[in-house]
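Note that the structure is predicted; figures quoted are calculated from it, not measured. By convention here, the first residue in the shown sequence is residue 1.
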Amino acid sequence: AGIVGSYNGLLSYGIKTNKFSLKHANLCLDSKEMFMQLNNLILDKEKIVVTGSGKVALGVVETLNFARIKEVSKEEFMREKFNEPVFVRLDVLDYNIRKDSIKSSKQDFYLNPEAYMSDLYRYIKLADIFIAGHYYSLGSPVLLTREDLRDVKLKVIADISCDINGPIASTLRSSTVADPIYGYNKKSMKEDDFLHDDAIVVMAVDNLPCELPNDSSRDFGEQLI
């Protein structure tokens, strides 16, 4: 899911900006052919935010590494300007903070999610692409509200987690392999043509491994064995 979802995010950015064109993942024979498509990327100084630290996020990083996009630290992402595309990977406590002065920890967050609030916006406002590879459970903070998305420069949100009406306001519905993207108008807060100037492209396919059935079947089978 992470490998294909991040690829779809880059593909969506090419469609939105008209900078480059990639073959859809489900039209590729396997991941090797899909990764070869990344040679067609034409990026400049884009900033990419990745959330998550599990297998999905590792898949995202694998794709971004194949695309030769540099990983930077949180501090570098926030403060520096780059002459190349970069991405930052955020873990759960990087974008969720306690509402009080009590020391935070992952265990505390898991036990008391209502005591936290999202701090993701400060990263997202600097980003061109957001790839959501986190796990979200009910009761956790909403990560990006409609108000947060009103003034961002984001072009693409690749919501691999795909929680409908959940932590990311732009994920209005799931999309399909055949029709993987739709637009979220950040002014009207409704679905719109993804090429509209005020629209963020949303990729929210909820069965991403099906786009590479050969690789997915082999991988899942090996894990079961």
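Here the closest heavy-atom approach between residue S12 and residue V156 is recorded as C-CG2, 3.8 Å. Taking every heavy atom of both residues into account, V49 and A127 meet most closely at CG2-CB, 3.8 Å. In this structure, S118 and L120 approach most closely via the heavy-atom pair OG-N, 3.2 Å. Of all heavy-atom pairs spanning L208 and M203, the tightest one is CD2-SD, 4.2 Å.
Look at K23 and E33 and you find a salt bridge, because one of the NZ, NE, NH1 or NH2 atoms lies within 4.0 Å of a carboxylate O, short of that distance. Ion pairing between D100 and R98 holds under the 4.0 Å rule for side-chain N and carboxylate O.
Under the rule for a ring pair (Phe, Tyr, Trp, His ring centres under 6.0 Å), Y123 has no partner lying at least two apart in sequence or in another chain. The ring pair (Phe, Tyr, Trp, His ring centres under 6.0 Å) test applied to Y121 returns no partner, not counting sequence neighbours. A search for salt bridge (Lys or Arg N to Asp or Glu O under 4.0 Å) contacts involving R173 returns E191, not counting sequence neighbours. Listed by chain and number, the residues in a salt bridge (Lys or Arg N to Asp or Glu O under 4.0 Å) with D148 amount to none (sequence neighbours excluded). Remark: D91 engages K106 in a salt bridge (Lys or Arg N to Asp or Glu O under 4.0 Å) (not counting sequence neighbours). Shown here are the salt bridge (Lys or Arg N to Asp or Glu O under 4.0 Å) partners of K125, two or more places apart in sequence or in another chain: there are none. Remark: Y95 pairs with no residue by the ring pair (Phe, Tyr, Trp, His ring centres under 6.0 Å) rule, at least two apart or across chains.
Sorted by first and then second residue, the side-chain hydrogen bond (donor to acceptor under 3.5 Å, both in side chains) pairs with a member in residues 214-225 read S31-D215, N214-R218, D219-Q223; sequence neighbours excluded. Residue pairs meeting the side-chain hydrogen bond (donor to acceptor under 3.5 Å, both in side chains) criterion with at least one partner in residues 161-172, sequence neighbours excluded, are D159-T171. Under the side-chain hydrogen bond (donor to acceptor under 3.5 Å, both in side chains) criterion, the residue pairs touching residues 54-65 are S6-T63, with sequence neighbours excluded.
Side-chain atoms of Q107 do not come within 3.5 Å of backbone N or O of S105 as any donor-acceptor pair.
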Only pairs under 3.5 Å count here: list side-chain donor-acceptor contacts from residues 74-90, not counting sequence neighbours, and write none if there are none.
residue	atom	partner	partner atom	Å
E76	OE1	S73	N	2.9
E76	OE1	S73	OG	3.3

When the side chains of residues 193-202 are checked against the rest of the protein, which donor-acceptor pairs come out under 3.5 Å, sequence neighbours left out?
residue	atom	partner	partner atom	Å
D193	OD1	L195	N	2.9
H196	ND1	D198	N	2.9

